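This structure is a prediction, so every number in the text was calculated from the model and none was measured. In what follows, chains carry the letters A, B, and so on, assigned in the order in which the sequence lines appear, proteins first and then strands, with residues in each chain numbered from 1.
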Amino acid sequence: MNPVIRWFHQMGSPPIFHRFADRWSRWLLLAALPFLAWGAWSGLFEVPADYQQGDSYRILFIHVPSAWMSLFIYGLMAVYAFIALVWRIKICEQLAMACAPIGAGFTAITLLTGSLWGRPMWGTWWTWDPRLTSELVLLFLFLGVIGLNAAIEDRRAAARAAGFLALIGVVNVPIVHFSVEWWNTLHQGATIKLMGQSSIDSRMVLPLVLVAIGTKLWFLGSLLVRTQTAMLEMESGKDWVKQIARGAHA
Amino acid sequence: MVRHADASISTASACLALLRRDLLLVWRRRGDAAQPLMFALLVVSLFPLALGPEPELLAKIAPGVIWVAVLLSGLLSLDSLFRSDLDDGSLEQLMLAPQPLALLVACKVLVHWLASAVPVLLIVPLLAAFLNLDGRLLPVLWESLLLGTPLLSLVGTVVVALTVGMRRSGMLLALLALPLYVPVLIFGAGAVMAAAQGLPFAGALWLLGAALVLAVVLAPLAAATALRIAMP
Amino acid sequence: MVRHADASISTASACLALLRRDLLLVWRRRGDAAQPLMFALLVVSLFPLALGPEPELLAKIAPGVIWVAVLLSGLLSLDSLFRSDLDDGSLEQLMLAPQPLALLVACKVLVHWLASAVPVLLIVPLLAAFLNLDGRLLPVLWESLLLGTPLLSLVGTVVVALTVGMRRSGMLLALLALPLYVPVLIFGAGAVMAAAQGLPFAGALWLLGAALVLAVVLAPLAAATALRIAMP
Amino acid sequence: MTPAAPPLLAAESLAFQRNEEPVFGPLSLHVAAGEALLIHGGNGSGKTTLLRVLAGLLPPSEGDIQVRGQHATRESVAQTCALLGHLLGHKGELTAVENLRFAVGLNGQREGTDITEVLETVGLAGYEDSPARQLSAGQKKRLGLARLLLLPSPLWLMDEPYANLDLEGIALVNRVVEAHINGGGAALITSHGAYATPAVRSRVLELD
Amino acid sequence: MTPAAPPLLAAESLAFQRNEEPVFGPLSLHVAAGEALLIHGGNGSGKTTLLRVLAGLLPPSEGDIQVRGQHATRESVAQTCALLGHLLGHKGELTAVENLRFAVGLNGQREGTDITEVLETVGLAGYEDSPARQLSAGQKKRLGLARLLLLPSPLWLMDEPYANLDLEGIALVNRVVEAHINGGGAALITSHGAYATPAVRSRVLELD
Ligand code: HEM
Ligand SMILES: Nc1ncnc2c1ncn2[C@@H]1O[C@H](COP(=O)(O)OP(=O)(O)OP(=O)(O)O)[C@@H](O)[C@H]1O
Ligand SMILES: Nc1ncnc2c1ncn2[C@@H]1O[C@H](COP(=O)(O)OP(=O)(O)OP(=O)(O)O)[C@@H](O)[C@H]1O
Ligand SMILES: [Mg+2]
Ligand SMILES: [Mg+2]
């Protein structure tokens, strides 16, 4: 068996995953805090005002990391869904489903901060620009996954159906990312690059990276917690859960 | 002595049997089948009433209104695609038949498109006349709908298949189908709007055509998979 | 010894019991209840996608689009007004209750309006923003909808009551309701269009208001009679 | 009861036609306080239709219906009769108690009854807060019986009350009907005739 | 039949769970040509679910299904089994003959059978051109039997074939199943256990 699959199968055992999540989620959430705090402080107070936009651009330090997160989480959800559908690994079904609400949250924040920022920049809260429209579609996809998962009574069948939808919707991710290149739009083109020269002030990069790392850590932590809760609920009849419950009471 | 399944029942003749049955059903239930047509007519004829009879304004928004009307009428008729088959047990029978489910699904989509979209396509000139659309735009509008409506039916089928087990799936269906419909609408109506402004529109139509070819191949497979996952 | 019906159960408290039950049901089925809202949002957000983001054009057609969206969403939710009560037998119970049926029907219409139209009324500012509507027109639009939507619900109830026994009444319902809806649409959307052009619009609103008062009195009586006739 | 008291419900040469096809022929019947009338007949013989005509949901094609000796009006029927039909009229999303509370709010409550007690009587103790949707078919029928017990109407129109019930449930129906009739009420009960019927003063009407 | 022929359908430690709740426990069964397997169990004991799992409509949570000794694939199940479920799969708007013609078009036809003859066998002579909607519940069930008789599948999965039928209808089911099994077919029949079962080589599986 492929070692990656074997690892998933091992982690797929609910009690083992439970212990793993118990150990790591706390540390991940704790580790996220300093990054977020430092990033926010640096973005708000250390970085100079923009020569065109004044201080209003500082919303960038929320907007851009959460936009990145919305795409990243969708991609991750699709990967989990793929594994769940092909190899029927229970834990991956629940991981994919746990991604959806967090992703929807980041997408909503992106839309909200973007339109707050759009008001001073473009003079309107909303236009039907490709980047904006495709990000709105992303929100609908997240909501669709959540809705489908909630609408089917059997938990495993629900997760599989919703995971399938997530896989279909994955075509939207490149559209969001490349829309600024494929169409001429109001929205900013790619300004920050991993490789090569970014076209923004290098002092702005640091807080951005800090917040980006902070949100990733926080996401992983809450993903573990959510999946753990979902598994406990699903397996509430099983012995290992009863043992844990008894332990908590004692 | 009981024989094994007669190997001579080819997939083609099974598809034909399904097509014949579904078309017969459309005919027997023609009151229901006329519903998308009525709905499209209704939406289109409400606009002149709501906006007042201002010919230029109506002509300007005509392609968009017609596209939205067609899209909504298709969306509302989607729900019935597998509903009656599920309720009376024939969906089970289809899934248990010794034939590729994807092909059977494709036949059902074809009938759905023939019954819900084609009648609307036929009255497009009437709808266009209601809204005062420039006659020269009619061919573009027609082509865009001819490419777009089967695409909508195909994409919608996947979504319906996913929600097949649910009693009241209306809203969820709309929520799930909308994101997938948006690009079709943008390119379809966009082509006509571009033509109206004298801009090139062939590109958008080509894109729709390419997407249609892709969907014809992939959507039945996806819908069959979705059915097997979501069958209650 | 069995007593006769307790005379102290006043009609008012019976209506209250019905209102309480139906509101509770709306809450328990909130997924369904959100459907008209979703539908209106969907229709309104499809238009910019179909017409392209041209702010002035959108602003110009905004009142009409919003009115049509609200009207269609109400029309589509009408069907459910008596459907579930008929299916589970509570409609019979209502008709056999020692209370005037017209008042009970009025309570049901009130809940229908609260559940289907009020949420849409609340997001009208959002819909208006999507379509770039001039902010100064918002109050007129809102007033016209506030007067128009209960009128639509009341008129629609009579039609629904007439078709209550039919299984698949969707299309028939639309056909019957449409002619009655058209005047409401013309005056409602017309008032906003007039205001947009700086013309007087109070007359149309007064007319809507007068029609509403008349409908509040007559429609429940008509619907109750229709129910007694059409009950299968 | 004075012997001269008119029957709660009486019908004279009552008939119903659908599309000019007779569903049940001209028949006469009467039910007085303290007795039960059993209506027997096979599938499709028109039992349900008769009950609906008596309840005023369908207009009779011929004949006359009287309530306590007076020509029946909508109000007098509503005050006298309570119907337990094929469809029970429960909302699946509401709990057992909520359903009963609504019925009482709409029709009034029989003196000296209490929702929790009645639920216990019909064997639904412990299901007070279960949504009606989750009840099994037999339990739903019991909830319908609870409704009858709570309403003030003296005459019960019961359409196949035994369907869906197990043996224990059939005994329950009989017990409840007996108590009602011994308390001065009356009942009109349709059935296929395959079940035991309550041990009270009763007459049988055969439909065909 | 050679004695070593593998059973038409076999299942090894098969189990199904819904939301981690076991619906039926791990069980093993096998049906060979020429015999009937009766599945008994009360309401809600999982009979219908078992049949759906065997037919491949639901994925089993545990265990393995074999068709003629090979791991079951969708094709092999489709070629071997025909299902008569709670829902019969008729279109109310189509006539009896049209419904059967479609079933044959989709699945192929058993050699030597004829639609009109089969309709006569199940007692529906004269109803060839009635829309299925107008048939009574018992007649609908008979139309379902006619479908089974026409299909080439050797193994019949029958979910409560006796429900809705009168005594004469029950005898008909037994006659038809007997003929099928004596002709080398096999059947898997669920029931509440309250009815007579056909006089063929049969075993009983109790579910609880
Ligand atoms: C509702 C409105 C908006 C939405 C939905 C939105 C959406 C997004 C998304 C999805 C990204 C991530 C793209 C990627 O990683 O591929 C992004 C990045 C970005 N956005 Fe927005 N945005 C909005 C408004 C704005 C406004 C008003 C500005 C400022 C003028 C802005 C500036 C940026 C910048 C600078 C980036 C980083 C670009 C990069 O390097 O990739 N956005 N936005
Ligand atoms: N809504 C209807 N439209 C047309 N015919 C109907 C309708 N309801 C009942 N019928 C027909 O009227 C006849 C009497 O029906 P009814 O329901 O009164 O019978 P029943 O004695 O209650 O039968 P069951 O024992 O099955 O409940 C039947 O032949 C039935 O088919
Ligand atoms: N779609 C479903 N969703 C959830 N639970 C279900 C579903 N279908 C059946 N069940 C439950 O699974 C259990 C087994 O159901 P099943 O239909 O297999 O029973 P059965 O033995 O066929 O009963 P019957 O004799 O009533 O036909 C029951 O408790 C039932 O409530
Ligand atoms: Mg009856
Ligand atoms: Mg069953």
Requested in this report: Please list, chain by chain and in numerical order, all residues satisfying side chain to side chain donor-acceptor pair (under 3.5 Å) with D/T113, sequence neighbours excluded.
Outcome: D/Q109
Requested in this report: Answer yes or no: does atom CZ of D/F16 have more than 12 heavy-atom neighbours from other residues, nucleotides or ligands under 6.0 Å?
Outcome: yes
Query - Heavy-atom contact with chain C under 4.5 Å, split by part of D/R101 - result: neither
Query raised in the report: Are any of the side-chain nitrogens in D/E98 or C/R28 under 4.0 Å away from the carboxylate oxygens of its partner?
Result: yes
Query raised in the report: Given that the side chain runs from C-beta out, which part of C/L16 has a heavy atom under 4.5 Å from chain D: side chain, backbone, both or neither?
Result: neither
**Report entry** Side chains of D/L106 and C/L104 in contact at under 4.5 Å (non-hydrogen atoms)
**Finding:** yes
Report summary line: To the nearest 0.5 Å, atom CG of C/D87 lies from atom CG of D/L87 at 8.0 Å
Report task. Using the test side chain to side chain donor-acceptor pair (under 3.5 Å), find all partners of C/S144 that sit at least two apart in sequence or belong to another chain. Result -> C/W67
Query raised in the report: Just checking heavy atoms, which of residues 88-97 of chain C are less than 4.5 Å from chain D?
Result: C/D88, C/G89, C/S90, C/E92, C/Q93, C/L94, C/M95, C/L96, C/A97
Report task. First locate atom CZ of D/F102, then atom CG of C/D22, and finally report the distance between them rounded to the nearest 0.5 Å. Result -> 7.0 Å
Report task. Could you give me the CA-CA distance, side-chain angles and deciding distance for D/K91 and C/L24, then say whether side chain to side chain contact (heavy atoms under 4.5 Å, CB included) is met? Result -> CA-CA 11 Å; D/K91 289 286 166 193; C/L24 200 59; over 6 Å; no
Report task. For each of D/V77, D/L58, D/L94, D/N99, tally heavy-atom pairs with chain C at distances under 4.5 Å, and name the one with the top tally. Result -> D/L94
Query raised in the report: Is it the case that more than 12 heavy atoms not belonging to D/Y127 sit under 6.0 Å from its OH atom?
Result: no
Requested in this report: Start with the C-alpha gap between C/R228 and D/R74, add the side-chain angles, then the distance that decides, and say whether side chain to side chain contact (heavy atoms under 4.5 Å, CB included) holds.
Outcome: CA-CA 11 Å; C/R228 297 227 185 259; D/R74 214 162 271 155; 3.0 Å; yes
Report task. Any salt bridge (charged side-chain N to carboxylate O under 4.0 Å, His left out) involving residues 63-75 of chain C? Give me the pairs, sequence neighbours left out, ordered by first then second residue. Result -> none
Query raised in the report: Would you find more than 12 non-hydrogen atoms of other residues, nucleotides or ligands less than 6.0 Å from D/Q17 atom CD?
Result: yes
